[in-house]
Peer 1: 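Sharing a structure below in structure tokens format, with a few things to ask.
Heads up: numbering here begins at 1 and tracks the sequence.
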Amino acid sequence: MTRDVKEIFAHERSGSSGASGAPPAPAALAAKVRTLGPSMTRSMQRVAEAVAGDPAGCAALTVTGLAELTGTSEATVVRTARLLGYPGYRDLRLALAGLAAQQQSGRAPAITTDIAVDDPIADVVAKLAYDEQQTLADTAAGLDTVQLGAAVAALTTARRTDVYGVGASGLVAQDLTQKLLRIGLIAHAHSDPHLAVTNAVQLRAGDVAVAVTHSGSTGDVIEPLRVAFERGATTVAITGRPDGPVTQYADHVLTTSTARESELRPAAMSSRTGQLLVVDCLFVGVAQRTYETAAPALSASYEALAHRHRS
């Protein structure tokens, strides 16, 4: 065992593993790998991909065995385990064994989400449905409910809420805004970067600004969030990259699944699935806290539009 690994093990035994809270459940492991993978070093990615791809096989390996399998070092294996949320490699092995048992008792269908240009439409439906289900499951597994609750509390009492997003994320920003408006809250969606910044200047303590950006590095979204942050507003980031630049100006970070891209379905499109789940969670949380006013507001909006749906 190398000196580097010995130091890491000693650090773990001292109770300062660097992992926050309880280790993730076995079913959340694959979601953690997909979410954190892009921010890992290449050697750590090899370890993460190995444990997610073959949990049963890796659960049987020692730290040295996994290091040899992935062409990395023992220290890299231990660091990867800690980054994934486990106090040490032994805890990761236990999670891998649990995940392997779950897969054996109810294995997910063997279906690829890569869509070929000559796929029958029935196959396209099946692949997309599976991909959507996986994205939702990954987002739910990785969503920090403490951060979510704090964001809900801020939205509930906000004087006004500004939501920033461009492109596909701009559609999600509009969805959140429309939901908040339907329950009587003041909310604005901004996809024009100039209007976003000029409106952010007017925010202050007691207001909320929400940035929606899958990459976490969209400048047109980060700039107004920075302005809102500096003005004292409570800021929230909905992003697929918890280490992205947008998070340095976010009081609360809500992480979505890192979408798997394909030639026919880039991440900018498929990322909306996880983002919309987070938006729905925010909306329902706010509606629960404001039920006495939210319920009549929803009823009034339904009644106002009812005549448009009558034949």
Peer 1: Tell me which pairs pass salt bridge (charged side-chain N to carboxylate O under 4.0 Å, His left out) where either residue lies in residues 157-172, with sequence neighbours left out.
Peer 2: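 Matches after skipping sequence neighbours: Arg159-Asp207, Arg160-Asp162.
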Peer 1: Can you confirm whether Val152 sits close enough to Arg289 that some side-chain heavy atom of one is under 4.5 Å from a side-chain heavy atom of the other?
Peer 2: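 In short, these two side chains touch, coming nearer than 4.5 Å.
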Peer 1: Would you check if the side chain of Ser299 reaches a backbone N or O of Ala295 as a donor-acceptor pair within less than 3.5 Å?
Peer 2: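 Checking the backbone N and O of Ala295 against the side chain of Ser299, no donor-acceptor pair under 3.5 Å is found.
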Peer 1: Hydrophobic cluster membership, with links at side-chain heavy-atom distances under 4.5 Å among I/L/V/M/F/W/Y: are Leu171 and Val279 in one?
Peer 2: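 Looking at the clustering, Val279 is in a separate group from Leu171.
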Peer 1: Using a 4.5 Å cut-off on heavy atoms from C-beta on, say whether the side chain of Leu61 contacts that of Tyr89.
Peer 2: yes
Peer 1: Can you list everything that forms a side chain to side chain donor-acceptor pair (under 3.5 Å) with Arg46? Sequence neighbours excluded, please.
Peer 2: none
Peer 1: Looking at Ala59, is its backbone amide N or carbonyl O close enough to the side chain of Arg93 to form a donor-acceptor pair, meaning the two atoms are under 3.5 Å apart?
Peer 2: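 Yes, because the side chain of Arg93 sits within donor-acceptor range (under 3.5 Å) of the backbone of Ala59.
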Peer 1: Measure across Thr234 and Ala154 and return the closest heavy-atom pair with its distance rounded to 0.1 Å.
Peer 2: CG2-CB, 3.8 Å
Peer 1: Determine yes or no for a side-chain-to-main-chain donor-acceptor pair under 3.5 angstrom, with Gln248 supplying the side chain and Pro245 the backbone.
Peer 2: yes
Peer 1: As a quick check of understanding, evaluate side chain to side chain contact (heavy atoms under 4.5 Å, CB included) for Val201 and Thr198, giving each step before the final call.
Peer 2: CA-CA 5 Å; Val201 170; Thr198 55; 5.7 Å; no
Peer 1: Hey, does Asp251 have a side-chain heavy atom less than 4.5 Å from the side chain of Phe229?
Peer 2: yes
Peer 1: To the closest 0.5 Å, what do you measure between CG (Leu185) and OG1 (Thr156)?
Peer 2: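 Nearest 0.5 Å value for the CG-OG1 distance: 7.5 Å.
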Peer 1: For Ala211, give me all partners under side-chain contact (heavy atoms from CB on, under 4.5 Å), at least two apart in sequence or on another chain.
Peer 2: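 Counting only residues at least two positions away or on another chain, Ala211 forms a side-chain contact (heavy atoms from CB on, under 4.5 Å) with Val221, Leu225, Val246.
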Peer 1: Same hydrophobic cluster for Leu69 and Leu84, using side-chain heavy-atom links shorter than 4.5 Å among ILVMFWY?
Peer 2: yes
Peer 1: Can a donor-acceptor pair be found, under 3.5 Å and without considering hydrogens, that links the side chain of Ser215 to the backbone of Ser217?
Peer 2: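 Confirmed, Ser215 side chain pairs with Ser217 backbone.
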Peer 1: Any chance you could measure Met40, atom CE, to Leu83, atom CG, to the nearest 0.5 Å?
Peer 2: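 The CE atom of Met40 sits 4.5 Å away from the CG atom of Leu83.
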Peer 1: Donor-acceptor check, side chain of Asp280 to backbone of Leu277, threshold 3.5 angstrom: yes or no?
Peer 2: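 Judged by distance alone, no pair lies under 3.5 Å.
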Peer 1: Cut-off 3.5 Å, side chains only: do Thr273 and Glu132 have a donor facing an acceptor?
Peer 2: yes
Peer 1: Determine whether Ser43 and Thr72 satisfy the following criterion, side-chain hydrogen bond (donor to acceptor under 3.5 Å, both in side chains), listing intermediate values before the conclusion.
Peer 2: CA-CA 6 Å; Ser43 58; Thr72 60; over 6 Å; no
Peer 1: Atom CD1 of residue position Ile186 - does it have more than 12 heavy atoms of other residues, nucleotides or ligands inside 6.0 Å?
Peer 2: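 Open: at most 12 neighbouring heavy atoms sit under 6.0 Å from CD1 of Ile186.
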Peer 1: How about Arg82 and Val78: do any of their side-chain heavy atoms sit closer than 4.5 Å?
Peer 2: yes
Peer 1: Is it true that Val284 and Val212 fall in one hydrophobic cluster, defined by side-chain heavy atoms closer than 4.5 Å?
Peer 2: yes
Peer 1: Transitively linked via ILVMFWY side-chain contacts under 4.5 Å: Phe283 with Leu143?
Peer 2: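 Same cluster: Phe283 reaches Leu143 through Ile, Leu, Val, Met, Phe, Trp or Tyr contacts under 4.5 Å.
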Peer 1: For residues Thr213 and Ile222, determine if any side-chain heavy atom of one lies less than 4.5 Å from a side-chain heavy atom of the other.
Peer 2: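 The answer is no, as the side chains (C-beta and beyond) never meet within the 4.5 Å cut-off.
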Peer 1: Could you tell me which non-hydrogen atom of Ser301 sits nearest to which non-hydrogen atom of Arg182, and how far apart they are?
Peer 2: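 For Ser301 and Arg182, the tightest heavy-atom pair comes out as OG-NE, 2.8 Å.
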Peer 1: For Ala297 and Gly184, which heavy atoms make the closest approach, and how far apart are they?
Peer 2: CB-N, 4.0 Å
Peer 1: Could you check Thr256 against Gln275 for side-chain hydrogen bond (donor to acceptor under 3.5 Å, both in side chains), going step by step and ending with a plain yes or no?
Peer 2: CA-CA 6 Å; Thr256 61; Gln275 291 173 344; 5.3 Å; no
Peer 1: Run Leu282 and Leu254 through side chain to side chain contact (heavy atoms under 4.5 Å, CB included) and show every step you take.
Peer 2: CA-CA 10 Å; Leu282 287 170; Leu254 305 177; 3.9 Å; yes
Peer 1: I need the Thr76 OG1 to Met44 CE distance, nearest 0.5 Å.
Peer 2: 7.5 Å
Peer 1: What distance do Leu276 atom CG and Thr135 atom OG1 have between them, rounded to the nearest 0.5 Å?
Peer 2: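 Interatomic distance, Leu276 CG to Thr135 OG1, rounded to 0.5 Å: 11.5 Å.
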Peer 1: With a 4.5 Å cut-off on side-chain heavy atoms, are Ile183 and Lys179 touching?
Peer 2: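 No - every pair of side-chain heavy atoms lies 4.5 Å or more apart.
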Peer 1: For Thr255 versus Pro242, what's the shortest heavy-atom pair and its separation?
Peer 2: OG1-CB, 3.7 Å
Peer 1: Would you tell me whether Arg42 and Gln45 have side-chain atoms, one donor and one acceptor, within less than 3.5 Å of each other?
Peer 2: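 Arg42 vs Gln45: donor-acceptor pair found between side chains.
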Peer 1: What's the separation between atom OH in Tyr249 and atom CD in Glu223, rounded to the nearest 0.5 Å?
Peer 2: 10.0 Å
Peer 1: Give a yes-or-no answer on whether the side chains of Thr139 and Ser257 include a donor-acceptor pair shorter than 3.5 Å.
Peer 2: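 Note: Thr139 and Ser257 side chains miss the donor-acceptor criterion.
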Peer 1: Is there a chain of hydrophobic side chains (I, L, V, M, F, W, Y, each step under 4.5 Å between heavy atoms) that links Tyr164 to Leu176?
Peer 2: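 No.
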Peer 1: Do His188 and Thr161 touch side chain to side chain, with heavy atoms closer than 4.5 Å?
Peer 2: no
Peer 1: If you take all heavy atoms of Ala200 and Ala228, which pair is closest and at what distance?
Peer 2: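 Minimum heavy-atom contact is CB-N, 4.1 Å.
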Peer 1: If you compare all heavy atoms of Ala189 against all heavy atoms of Ala173, which two are closest, and at what distance to 0.1 Å?
Peer 2: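 Taking Ala189 first and Ala173 second, the nearest heavy atoms are CB-O, 3.9 Å.
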Peer 1: How many angstroms lie between atom NE2 of His252 and atom OG1 of Thr235, to the nearest 0.5 angstrom?
Peer 2: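 Here the interatomic distance stands at 7.5 Å.
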Peer 1: If we only count heavy atoms from C-beta on, is the Leu148 to Asp144 side-chain gap below 4.5 Å?
Peer 2: no
